[in-house]
Amino acid sequence: MAFFLTYAWLIPALPLLGCALITFTPLRRSKLASGWTAIALMLCATVLAVGLLAATAQGLALRDGQVVPLAAAAGHGEATAPATGEGHGEATTPATGEGHGEAAPAEGHGTFAFPEPNVVQRFAWAPIGESVFAMGVYIDTPVAAMLAMVTITATCIHLFSLGYMAANPRQSRFFSFISLFTAAMLLMTMADNLLLFFMAWEVMGLCSYLLIGFLFERPQAYRAAVKAFITTRIGDVLMLLGLVYLYTQAGSLAFGTGAGEIFNPELLKRLGSESGFFGVSHATGIGLLLFAGTVGKSAQFPLHVWLPDAMEGPTPVSALIHAATMVSAGVFLIARTFPILQADNGTTLAAVTLIGAFTALFAATIAVAQYDIKRILAYSTLSQLGFMVAAIGLGGWVAGMFHLLTHAFFKALLFLGSGSIIHGMEATPQMKALHHQDEYAAQQTAQDIRNMGGLRTRMPWTFWTYTLGYLALAGIVPFAGFWSKDEILAHAFVGANWVVFGVLTLAAFLTAFYMTRQWRLVFFGEFRGGQPVVFQNPEPAPRTAHHSHADHHTHHDDHHDTHGHDDHHSNTGPNWQEHPSMIAALVVLASFAVTAGFFNLPFAIPGGHWLSSLWRQEAAPLNFIVAGVSLLVALGGIAAGWSLYGGAFAGAHDTDPLNRQAPALFRLLNEKYRIDELYAASFGRLTAILALAWAWMDHAILDGVVNSIGRLTLFIGQLNFIVDDTLLNDGPDALASGTLATGKRTRRLQTGKAQDYLSYVFGGAVILALVYLYVLK
Amino acid sequence: MTQAIPLEAVLVLAAALFCIGLFGALSRRNMVGVLMGVELMLNAVNINMVAIGRYLEPYPYVAGQTFTIFIITVAAAEAAVGLAMIIAIYRTWLTSNVDSVDSLKG
């Protein structure tokens with residue numbers, strides 16, 4: 001156990017090592033070797049993370065290199081706090097606040113305290129004036145739980161990628177990127193201060209950019225990558241401002257409750273009471289700026305536009321980054337800085353709740369009218385992230401974090417399932433034929449749920465695992481999503497936030513509805529891929545590097561063609577094969593989608609409230625009204641979806657039943673409330689106008705200034721040349737040649753003969769004598 | 001003490017001896033001859049020293065003679081060094097002609 005605590009830093013280091021190995025060694029030339037290297041290192045990291053979680057769950061902590069039980073550690077920390085002094089070196093015990101030791105378990109409503117950290121290892125990073133900026137790891141029980149979740153999902157997704165990306169010529173590069181991403185996510189989770197947190201956060205942003213644009217031959221992909229990067233940048237810049245603001249106020253960015261750390265009670269009290277800019281308190285300013293980072297990263301309402309477009313990346317990327325881990329980093333940020341958000345008595349948290357609840361409903365409505373299987377899941381992700389953000393805004397810290405953990409498992413499962421489906425769809429003869437004409441259109445067509453149907457029998461593994469994920473997301477007891485979503489709703493209910501409760505309940509209903517719609521259209525009915533709705537690609541990509549990709553498919557499908565299958569057969573033909581590595585990943589994630597909810601059962605039984613007690617937080621009581629409402633709503637959504645889509649879509653070109661009943665509304669939802677167009681018309685247009693203005697200024701003014709300076713310099717240069725050539729050159733030249741001539745002449749005196757020298761000496765003496773006798777007299 | 005021989009006569013003798021020595025040092029082609037010329041010049045100086053010491057210095061007239069004894073000693077050493085160098089030069093270039101030893105020519 002001591003090993004897991006002491007070497008916790010290995011958890012992010014191993015995937016980073018994987019990235020370095022794949023990038024810098026000849027391993028990169030072998031797809032399989034790079035893939036298995038990444039997977040093996042991820043497995044090691046997973047073992048370490050699970051071991052760490054087990055160690056922290058036993059209440060073990062690392063103090064001065066010794067493993068001690070946490071209760072004793074708190075006392076020990078207090079005893080040695082004066083001795084160890086200010087945070088220097090590694091593994092110093094953060095000075096615990098007054099009477100904090102016994103205040104760790106649940107207190108009265110409204111106060112929040114993190115559990116005692118299990119591991120704090122810091123090293124001096126940058127001396128700033130008199131203080132030293134320390135970096136390191138800070139692990140408490142929520143961090144350990146996050147680490148376990150991230151490593152498990154990331155390992156599954158690495159495994160899945162091995163099968164899914166097998167046809168891609170740049171598979172090694174892919175593994176390198178996702179390993180780097182995982183390392184950054186793990187580092188962010190265990191960072192001991194907000195600056196390190198922010199650094200890892202930005203590395204994740206970079207990886208997200210690289211991976212969305214992974215298929216960079218497609219204009220849509222690189223445009224989506226740039227869009228994601230720029231949109232999240234808006235949030236990140238505001239977050240950085242928040243960090244600077246916090247640093248100016250607190251003089252530190254280190255997590256912890258001790259003196260000089262950001263959760264220090266006196267500091268929080270001061271931040272909450274003193275007012276800063278615009279008459280709001282410091283805590284509100286800092287909290288809102290930090291929350292802006294969340295809005296960008298977790299794709300909450302005004303900055304949500306990048307996440308659906310990010311589905312241009314390969315599906316494992318969507319699963320890893322845009323469902324399970326990176327987008328939940330935003331939620332993790334507000335969970336991590338919760339005491340600061342809370343310090344201003346509710347103003348910030350109200351804004352957080354508002355944005356979260358709005359996004360939950362807003363995204364759920366859009367998801368109802370989408371056809372792209374991945375986009376539906378993307379909007380579902382937005383909506384679920386809204387749930388988490390709202391939960392934290394309501395003060396339901398455990399509920400938000402719990403939903404974060406469970407959602408990661410079942411949403412990664414759903415994305416990987418959709419990847420498996422798309423993989424199967426792309427291998428059908430129609431898609432293959434389309435693939436030879438336009439690869440992007442083929443992929444978009446393969447992702448269209450109107451073109452699916454009846455996949456239940458063709459892809460049984462995918463069907464069953466997907467169903468488990470679907471039930472978890474819809475919130476059916478006893479799957480993971482039910483417990484966590486129920487806890488969030490219970491918080492709104494108990495807090496009597498009826499508007500939030502209503503909005504979230506409606507969102508939960510829509511979640512069940514759109515997931516049923518998708519599930520029904522994908523897996524049941526007749527296969528409609530025979531006459532697909534073909535995606536009309538407005539800008540076909542130039543066909544270059546992806547030929548090998550296409551060739552692979554051709555080779556793969558020769559087998560299929562010789563057997564003379566047509567598209568209406570119902571048995572599982574060779575083109576519906578599910579790759580073993582993909583099945584393995586799906587099964588592991590499905591098991592977590594079923595069981596993850598049991599980690600925090602709201603019953604007073606052994607093992608109940610496990611996460612709450614692990615995190616030393618107040619256990620949410622079971623509210624049967626809320627549980628009943630939540631379950632009824634979920635069942636209602638499923639029933640509505642099933643009845644509405646039961647007979648719909650006999651063929652791919654049929655009209656959606658919702659579209660038939662409310663065409664205007666459906667169109668609005670299908671076009672995502674035209675937010676993208678609004679942004680293009682407002683910010684995009686504004687940027688274009690500004691760019692034109694700058695371009696004019698550049699050409700007319702700056703170029704003129706620069707050019708005239710250039711001309712002036714040229715003129716001065718020519719003038720200088722004339723002066724130099726005529727006046728200055730001749731003097732030194734004459735001096736040099738004169739010296740040379742003198743030297744030539746005088747060297748004749750140097751005969752080498754001693755008698756000559758003697759005669760010179762004598763001649764000199766005579767001259768001196770004559771001068772002495774006749775001149776000086 | 002009678003002024004038997006005037007100082008000027010001795011100085012003229014010394015000047016003549018110096019000129020002879022100088023002429024020898026400058027004109028002889030044999031190194032040993034040059035060395036002999038140098039010895040003559042030294043001895044002319046010695047005569048000057050002794051004469052001026054005897055005629056112009058106060059009693060007991062020893063300063064000039066003391067210098068002279070030193071100069072004779074040093075001249076002996078100088079002659080020994082000079083002869084050794086001449087032998088070394090002769091062994092190297094197989095000549096004792098000063099004109100043929102001009103390797104320091106510029």
Side-chain angles (χ1 to χ4, degrees), chain A residues 706 709-777, chain B residues 8 11-12 14-46 48-49 52 71 75 78-106:
Chain A
V706 172
I709 289 175
R711 273 195 290 274
L712 189 67
T713 312
L714 201 63
F715 175 71
I716 292 174
Q718 275 162 351
L719 208 65
N720 209 354
F721 173 76
I722 294 166
V723 171
D724 203 42
D725 202 41
T726 52
L727 297 181
L728 293 183
N729 272 4
D730 289 355
D733 280 358
L735 191 67
S737 58
T739 310
L740 202 63
T742 313
K744 268 181 186 161
R745 255 171 260 129
T746 48
R747 70 186 289 230
R748 289 199 209 122
L749 289 175
Q750 202 85 1
T751 56
K753 289 176 180 145
Q755 287 176 324
D756 292 355
Y757 299 156
L758 189 57
S759 54
Y760 302 153
V761 171
F762 187 67
V766 168
I767 292 167
L768 283 179
L770 290 176
V771 166
Y772 181 74
L773 285 178
Y774 296 106
V775 179
L776 294 182
K777 268 283 153 65
Chain B
E8 289 80 8
L11 292 184
V12 167
L17 193 60
F18 185 86
C19 288
I20 294 167
L22 183 65
F23 176 75
L26 290 180
S27 61
R28 297 297 295 184
R29 291 290 167 262
N30 193 308
M31 289 180 187
V32 181
V34 173
L35 200 61
M36 288 161 75
V38 172
E39 292 297 323
L40 284 185
M41 285 153 71
L42 280 170
N43 283 322
V45 172
N46 285 347
N48 264 358
M49 291 271 188
I52 290 171
I71 290 172
E78 180 239 307
V81 172
L83 284 168
M85 281 171 67
I86 289 165
I87 289 166
I89 287 169
Y90 183 78
R91 283 187 181 159
T92 311
W93 282 291
L94 291 177
T95 180
S96 61
N97 188 341
V98 278
D99 286 349
S100 25
V101 183
D102 60 351
S103 62
L104 286 177
K105 183 173 163 45

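Naming: A, B, ... by sequence-line order, numbering from 1 per chain.
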When you look at CZ of B:R29, are more than 12 heavy atoms from neighbouring residues, nucleotides or ligands closer to it than 6.0 Å?
yes
Contacts with chain B made by residues 748-763 of chain A (heavy-atom distance under 4.5 Å), listed by residue number
A:Q750, A:T751, A:G752, A:K753, A:Q755, A:Y757, A:L758, A:S759, A:F762
B:S100, part contacting chain A, at a heavy-atom distance under 4.5 Å:
neither
Do any side-chain atoms of residues 33-45 of chain B form donor-acceptor pairs under 3.5 angstrom with protein atoms, and if so which ones, sequence neighbours left out?
unit_1: B:N43; atom_1: OD1; unit_2: B:N46; atom_2: ND2; d: 3.3
unit_1: B:N43; atom_1: ND2; unit_2: B:E39; atom_2: O; d: 3.3

